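Note that the structure is predicted; figures quoted are calculated from it, not measured. All chains are named by letter (A, B, ...) in the order of the sequence lines, taking the proteins before the strands, and each is independently numbered beginning at 1.
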Amino acid sequence: METGMISVDRWSEGSQAYFLTHLHADHTSGLTPTWKWGPLFCSRLTAKLFPMKFPGFKLSLLKILDLGNWYSLSLVSPSSGLPTAVQVMAIDANHCPGAVMYLFRGEFGSMLYTGDFRWEKRSQRAQIARTMLLNALKNEKLDTLHLDNTYCHPSYSFPSRNAAARQVANIIHSHPNHDIVIGIDSLGKEDLLFYISRLLKMKIWVWPERLQTMHLLGFLDNFTTKTSLTRVRAIPRYSFNMETLQALNTMRPTIGIMPSGLPWAAKYCKTKGNIFGPSPSTCSKKMTNGDLVFERYDEYTYSVPYSDHSCFFEIKEFVELLQPSNIKGIVSSSECFIEPQYYFGHFCGKKHDSRKLYHKFCDEEGDERFKGVRIQSPSKVNCNMSQRKRRKKEAGISSSRVNRVSLLRRMRRGIKIADADNESIPEKLHFFSV
DNA sequence: GCGATCAGGT
DNA sequence: CACACCTGATCGC
């Protein structure tokens with residue numbers, strides 16, 4: 001598709017229609033309450049959560065796309081100046097609440113943008129999404145797949161979220177006299193918390209803004225902001241650290257559980273031989289409990305492979321199902337980034353030389369790129385920090401400005417709670433003139 | 001003075 | 001490893 005038509009999760013000026021896949025901060029960078037380049041298309045649930053994240057945003061810019069419907073947009077081709085129609089369908093991405101993929105079709109052919117997605121074949125939601133996708137495509141070939149390639153490497157292997165949730169429950173069961181803290185973000189992992197809450201027949205503490213989110217999502221009874229009611233608390237991931245856990249343990253015995261796909265990235269660069277082989281065991285403290293395996297970091301912290309992104313095998317199944325003509329990775333910032341074409345080119349029925357490129361990459365840099373990162377970054381950090389401190393000292397900057405900025409940010413978060421209001425959501429539309 | 005953005009950390 | 005999001009510094013109006 002030519003540029004100047006649509007943007008997905010990109011918010012700079014110059015497109016005729018903007019699409020938001022979900023509300024995580026790394027997909028809304030550039031979007032502010034004063035943003036005005038709309039219209040902005042998103043799922044119904046994202047629209048419901050939107051005012052909390054962007055209070056004061058002009059809600060008439062939001063256009064809701066219900067799942068599984070085709071919507072038609074009248075755009076203008078920037079090159080010819082002629083009108084051109086683009087059809088779009090939103091499909092459940094099974095990532096965080098409200099997250100969708102977008103299937104587009106028009107003169108350019110067909111294009112699927114997954115955003116962040118989890119493709120758990122056995123989950124009912126993924127099966128519905130699968131049916132929607134296949135019905136929408138009928139027998140047409142998908143021309144371009146923009147793919148969530150976060151874990152697009154065979155070493156990224158982790159279980160379903162249901163299995164990971166059972167691991168969390170298992171850890172909690174084996175600590176009947178401990179307080180539990182679980183690290184979460186502003187959106188996502190609600191099903192995990194809900195599952196634990198039902199299983200333990202216990203409310204889970206969340207911070208006030210998160211409770212507001214839970215209520216918007218329809219969880220009315222399982223969460224609380226009263227600490228006295230429960231021994232299980234979900235806390236922001238940024239405050240989940242060793243210091244916090246040590247402090248908590250001075251008051252009550254407490255363990256931390258971090259649900260994340262990340263620690264399960266096998267350090268394949270350390271292994272010898274076949275990178276397609278099974279994920280190597282990387283943890284010396286792996287513990288078993290029944291038939292479940294979990295990872296213990298230190299005396300307080302457990303890590304559980306609960307991921308809202310697809311593992312490698314799920315990405316493979318997804319690409320195999322769709323067999324697109326072209327694949328592009330959405331995530332490209334990774335040190336470890338490898339074009340999905342390398343693994344899945346054979347599903348695309350196209351000749352390509354990415355395999356050759358990959359080998360070149362490995363041969364030239366191999367383990368060194370990882371060693372380089374490990375060795376260089378601490379010294380670089382130290383250098384930057386000392387430079388920064390020196391500059392600050394030289395400039396004689398007091399901390400009053402900084403404290404004020406931080407305070408304002410915190411106040412705004414508080415105001416968001418008070419202002420949160422989901423009344424004025426626009427009506428469903430099937431045709432949009434842009 | 002203030003919002004926007006970047007860098008750096010976890 | 002790299003997710004999602006924080007804080008603090010700096011930029012530019």
**Item:** Results of salt bridge (Lys or Arg N to Asp or Glu O under 4.0 Å) for Asp92(A) - residues two or more places apart only
**Value:** Arg125(A)
**Prompt:** Is any NZ, NE, NH1 or NH2 atom of the basic residue among Arg210(A) and Glu190(A) found under 4.0 Å from an Asp or Glu carboxylate oxygen of the other?
**Reply:**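 The answer is yes: the pair qualifies as a salt bridge.
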**Message:** I'd like to know if Arg44(A) pairs up with Asp66(A) as an ion pair, taking the criterion as any Lys NZ or Arg NE/NH1/NH2 lying under 4.0 Å from an Asp or Glu carboxylate oxygen.
**Reply:** yes
**Message:** Please tell me if Ser186(A) has a side-chain N or O lying less than 4.0 Å from either OP1 or OP2 of dC5(C).
**Reply:** yes
**Asked** Does Ser239(A) put a side-chain nitrogen or oxygen below 4.0 Å from OP1 or OP2 of dC5(C)?
**Response** no
**Item:** Under the ring pair (Phe, Tyr, Trp, His ring centres under 6.0 Å) test, residues paired with His309(A) that sit two or more places apart
**Value:**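 His309(A): ring pair (Phe, Tyr, Trp, His ring centres under 6.0 Å) contacts with His95(A), Tyr151(A).
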**Which residues share a ring pair (Phe, Tyr, Trp, His ring centres under 6.0 Å) with Tyr102(A), sequence neighbours left out** = Phe19(A)
Take the protein atom [atom1] of [X] and the nucleotide atom [atom2] of [N], then report the distance between them rounded to whole Å.
X	N	atom1	atom2	value
Met258(A)	dT10(B)	CE	C1'	9 Å
Asp185(A)	dA2(C)	CG	P	18 Å
Asp9(A)	dA4(C)	CG	P	11 Å
Phe54(A)	dA4(B)	CZ	C1'	13 Å
Trp11(A)	dG3(B)	CH2	C1'	20 Å
Tyr156(A)	dC3(C)	OH	C1'	11 Å
Arg210(A)	dC5(C)	CZ	P	9 Å
Asn149(A)	dA2(C)	CG	C1'	12 Å

What nucleotide, of [options], holds the atom closest to the side chain of [X]?
X	options	result
His95(A)	dA4(C), dC1(C), dC5(C)	dA4(C)
Thr32(A)	dC5(C), dA2(C), dA4(B)	dA4(B)
Thr34(A)	dA2(C), dA4(B), dT10(B)	dA4(B)
His309(A)	dA4(C), dA2(C), dC6(C)	dA4(C)

**Asked** Applying salt bridge (charged side-chain N to carboxylate O under 4.0 Å, His left out), which residue pairs with at least one partner in residues 246-257 of chain A are found, sequence neighbours left out?
**Response** Asp179(A)-Arg252(A)
**Prompt:** Among residues 22-31 of chain A, which residues get a heavy atom nearer than 4.0 Å to DNA chain C?
**Reply:**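 Going residue by residue through residues 22-31 of chain A, the ones with a heavy atom under 4.0 Å of DNA chain C turn out to be His24(A), Ala25(A), Asp26(A).
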Side-chain donor/acceptor pairs under 3.5 Å, residues 215-224 of chain A, sequence neighbours excluded:
from      : atom 1 : to        : atom 2 : distance (Å)
Asn222(A) : ND2    : Ser197(A) : OG     : 2.9
Thr224(A) : OG1    : Lys226(A) : N      : 3.0

